[in-house]
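Bear in mind that the values here come from a model prediction, so they are computed numbers and not experimental data. Each chain gets a letter, A, B and so on, in the order its sequence line appears, and its residues count up from 1.
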Amino acid sequence: MEVLLLTLELLGVFAFAVSGALLAARKEFDLVGSLLLASLAGLGGGVARDVLIGQGPPLALINPMYLLPAALAVLLVWGNALREGRFRRTLLVFDAAGLSLFCLTGTIIAADAGLNPVACALLGLTTAVGGGALRDVVANETPQIFNPNGVYAVPAMLGAGLMVLILELGVFSIWIGITISALVFTLRMLSLHYGWRIPLAGRRVTGG
Amino acid sequence: MEVLLLTLELLGVFAFAVSGALLAARKEFDLVGSLLLASLAGLGGGVARDVLIGQGPPLALINPMYLLPAALAVLLVWGNALREGRFRRTLLVFDAAGLSLFCLTGTIIAADAGLNPVACALLGLTTAVGGGALRDVVANETPQIFNPNGVYAVPAMLGAGLMVLILELGVFSIWIGITISALVFTLRMLSLHYGWRIPLAGRRVTGG
Amino acid sequence: MEVLLLTLELLGVFAFAVSGALLAARKEFDLVGSLLLASLAGLGGGVARDVLIGQGPPLALINPMYLLPAALAVLLVWGNALREGRFRRTLLVFDAAGLSLFCLTGTIIAADAGLNPVACALLGLTTAVGGGALRDVVANETPQIFNPNGVYAVPAMLGAGLMVLILELGVFSIWIGITISALVFTLRMLSLHYGWRIPLAGRRVTGG
């Protein structure tokens with residue numbers, strides 16, 4: 001279980017780190033800026049979760065292995081092995097992968113820390129959307145979570161909510177985890193492809 | 001006392017959440033983006049305070065009731081019950097209400113945690129201005145606290161300072177709390193109405 | 001040792017606070033906005049470090065002396081004793097001074113808290129670049145760390161890495177500290193003067 005959790009965490013770090021390194025490339029940051037933005041995107045959500053749980057230093061500080069996926073992501077983007085394509089929005093695909101992994105791991109780690117189910121779901125959501133939000137804010141972009149094209153937080157909320165249910169029922173298995181994660185990823189990608197929208201926060205203002 | 005504190009906290013969450021939902025509407029975010037921005041505005045200051053106090057998870061995570069005012073604010077803005085008027089700057093009124101409530105509760109909660117008076121005043125200020133600052137930064141706006149039209153942090157500092165004095169003297173009552181809060185709110189609103197300004201940070205640069 | 005550490009910390013707070021007050025002046029914030037931005041720049045890196053270490057409230061909250069250098073910086077900039085010159089980029093000089101001091105103190109404080117060497121180096125880096133990053137993000141600027149002209153994080157990483165080595169070897173002295181700090185400062189200033197660059201994060205995109 002512990003190995004599985006670490007594996008999912010590191011995959012999530014890698015996915016978000018790729019999104020950070022791609023954004024750094026688009027904004028013409030240098031390699032060190034890329035490493036910082038990739039680390040912030042990859043580690044930020046989990047660090048925020050661990051700071052909120054408040055039981056000592058974040059996992060990413062205690063275990064230096066968390067740094068490797070970020071470094072790998074930077075190298076792959078730098079070496080052009082991963083790049084923004086004309087037809088594929090590579091950044092958004094990796095961002096969706098990170099989202100689908102972290103809503104699981106965030107919820108599990110919060111439950112391990114003994115928090116109540118609502119807090120576990122909220123921390124799953126925080127882990128899932130936190131790194132991407134920090135990446136965008138620090139790079140001076142309006143965060144993806146606020147982009148009304150496609151849905152972003154909803155799949156993560158759904159994944160975290162399902163995960164809390166599974167943990168409460170005590171029936172978690174790796175296959176259930178993979179299924180929830182695949183569901184979150186698929187919903188996010190479908191929403192981008194078909195341009196799903198949810199109602200706006202207010203009446204559209206004209207002439208404003 | 002505990003019920004009073006929770007009531008003031010939830011009112012403050014509601015006030016800042018309305019400001020977040022109104023900003024989300026103005027920026028044409030969708031309902032979920034509105035819920036996230038309203039929650040960040042409403043809960044961000046208190047979460048920052050609790051993280052800085054460092055005694056376990058933030059109140060907003062432990063007590064799910066903190067989420068209700070944020071959801072209510074989003075619904076009221078969405079249903080057009082609360083909206084930006086032509087003559088009233090609704091966002092700024094609710095922002096001022098949150099400011100006046102959180103400089104009290106932040107100071108009280110820090111004092112309950114046993115911090116020194118200076119730290120209590122600083123955490124009162126952090127609680128009061130933190131949520132609004134996070135709201136503006138995440139929505140890619142220059143924070144209200146840096147807007148030289150009107151005063152923002154000064155009334156909150158005054159409120160937190162008075163509250164520390166009251167707590168040190170051991171004479172707190174609900175009426176004193178309401179009076180300080182009304183004073184902070186009134187100062188903020190008057191400063192907006194009359195365009196009070198304090199000196200700039202440096203000589204005005206010309207041609208720069 | 002404790003007095004030395006506090007002195008270095010307060011000098012670092014002062015240096016970053018000056019950079020914050022100068023940025024506030026450039027952006028035409030008022031005196032209170034200047035105090036808030038100077039405090040955020042001066043105290044933000046250390047507060048982030050202490051929150052990540054997770055052993056109670058940040059030093060800057062416990063010890064009110066941390067506030068004095070920030071207030072002093074605001075007054076000096078307001079009184080025009082420190083200002084942006086035509087030929088000297090005063091802000092960048094003070095920013096570099098803060099960087100060179102905080103990569104030392106951050107590493108030492110993390111080591112005192114018993115963290116592993118990798119975590120100590122990361123927290124040294126966080127302390128060094130955190131305040132400046134917060135300053136720029138909150139003032140709605142793209143952070144210096146992402147500016148590809150000159151190197152910023154590299155000298156701080158080097159300083160934090162050397163400091164970890166010195167602490168592991170158990171040979172720290174004030175002269176070694178001053179030497180490392182001077183090295184970091186010199187590298188940063190030389191990189192600005194000669195426009196040193198490191199490779200970009202990705203191929204330069206044309207027509208994008």
Side-chain angles (χ1 to χ4, degrees), chain A residues 47-57 110 113-126 128-130 132-158 191 196-208, chain B residues 17-18 20-40 43 47-48 50-68 70 73-84 86 90-91 134-142:
Chain A
V47 166
R49 173 199 63 214
D50 295 344
V51 164
L52 291 171
I53 290 177
Q55 298 180 352
L115 274 75
N116 68 61
V118 176
C120 290
L122 288 176
L123 286 171
L125 178 64
T126 302
V129 308
L134 283 171
R135 173 197 66 208
D136 295 342
V137 166
V138 163
N140 225 342
E141 308 251 302
T142 299
Q144 277 299 329
I145 27 168
F146 296 133
N147 189 336
N149 292 306
V151 294
Y152 190 89
V154 170
M157 286 173 181
L158 183 71
S191 86
W196 291 346
R197 284 166 159 276
I198 43 183
L200 291 183
R203 303 271 156 100
R204 196 175 289 267
V205 184
T206 51
Chain B
V18 168
L22 287 170
L23 183 60
R26 190 197 292 167
K27 301 210 100 175
E28 307 203 345
F29 293 167
D30 64 29
L31 268 177
V32 173
S34 178
L35 186 60
L36 292 172
L37 196 62
S39 304
L40 196 69
L43 307 175
V47 166
D50 295 344
V51 164
L52 291 171
I53 289 176
Q55 297 181 353
L59 295 176
L61 268 185
I62 293 172
N63 185 348
M65 276 182 70
Y66 273 81
L67 302 174
L68 298 181
V74 169
L75 288 177
L76 289 175
V77 168
W78 181 61
N80 231 6
L82 288 170
R83 56 178 166 167
E84 287 287 69
R86 188 183 288 268
T90 317
L91 193 160
L134 284 171
R135 172 197 68 207
D136 295 342
V137 166
V138 162
N140 225 341
E141 307 252 302
T142 299

> Heavy-atom distance under 4.5 Å to chain A: side chain of B/Leu75, backbone, both or neither?
Replying inline: neither
> With side chains defined as the heavy atoms from C-beta onward, is the minimum distance between B/Leu67 and A/Leu122 less than 4.5 Å?
Replying inline: yes
> Taking all atoms of both residues into account, what is the closest heavy-atom pair of B/Ile62 and A/Asn116, and its distance?
Replying inline: O-ND2, 3.2 Å
> So which heavy atom on A/Ser191 is nearest to which on A/Val151, and how close?
Replying inline: OG-N, 2.9 Å
> Which residue out of A/Ala119, A/Ala110, A/Ala133, A/Gly54 racks up the most heavy-atom pairs below 4.5 Å with chain B?
Replying inline: A/Ala119
> B/Ala38 and B/Ala21: which non-hydrogen atoms are nearest, and at how many Å?
Replying inline: CB-N, 4.1 Å
> So, do A/Pro199 and B/Trp78 sit near enough that their side-chain heavy atoms are less than 4.5 Å apart?
Replying inline: yes
> Of the backbone (N, CA, C, O) and the side chain (C-beta and beyond), which part of A/Ile145 lies under 4.5 Å from a heavy atom of chain B, both, or neither?
Replying inline: both
>> For A/Asn140, which atoms come within 4.5 Å of any heavy atom of chain B: side chain, backbone, both, or neither?
In response: both
> Between B/Gly79, B/Pro58, B/Ala139, which shows the greatest number of heavy-atom pairs under 4.5 Å with chain A?
Replying inline: B/Pro58
>> Using heavy-atom distances under 4.5 Å, tell me whether B/Val51 contacts chain A through its side chain, its backbone, both, or neither.
In response: side chain
> Is chain B contacted by the side chain of A/Gln55, its backbone, both, or neither, given a heavy-atom distance below 4.5 Å?
Replying inline: neither
>> Heavy-atom pairs under 4.5 Å with chain B - which of A/Leu125, A/Ile198, A/Asp136, A/Val118 has more of them than the others?
In response: A/Ile198
> Heavy atoms, side chains only, cut-off 4.5 Å: are A/Thr142 and B/Phe29 in contact?
Replying inline: yes
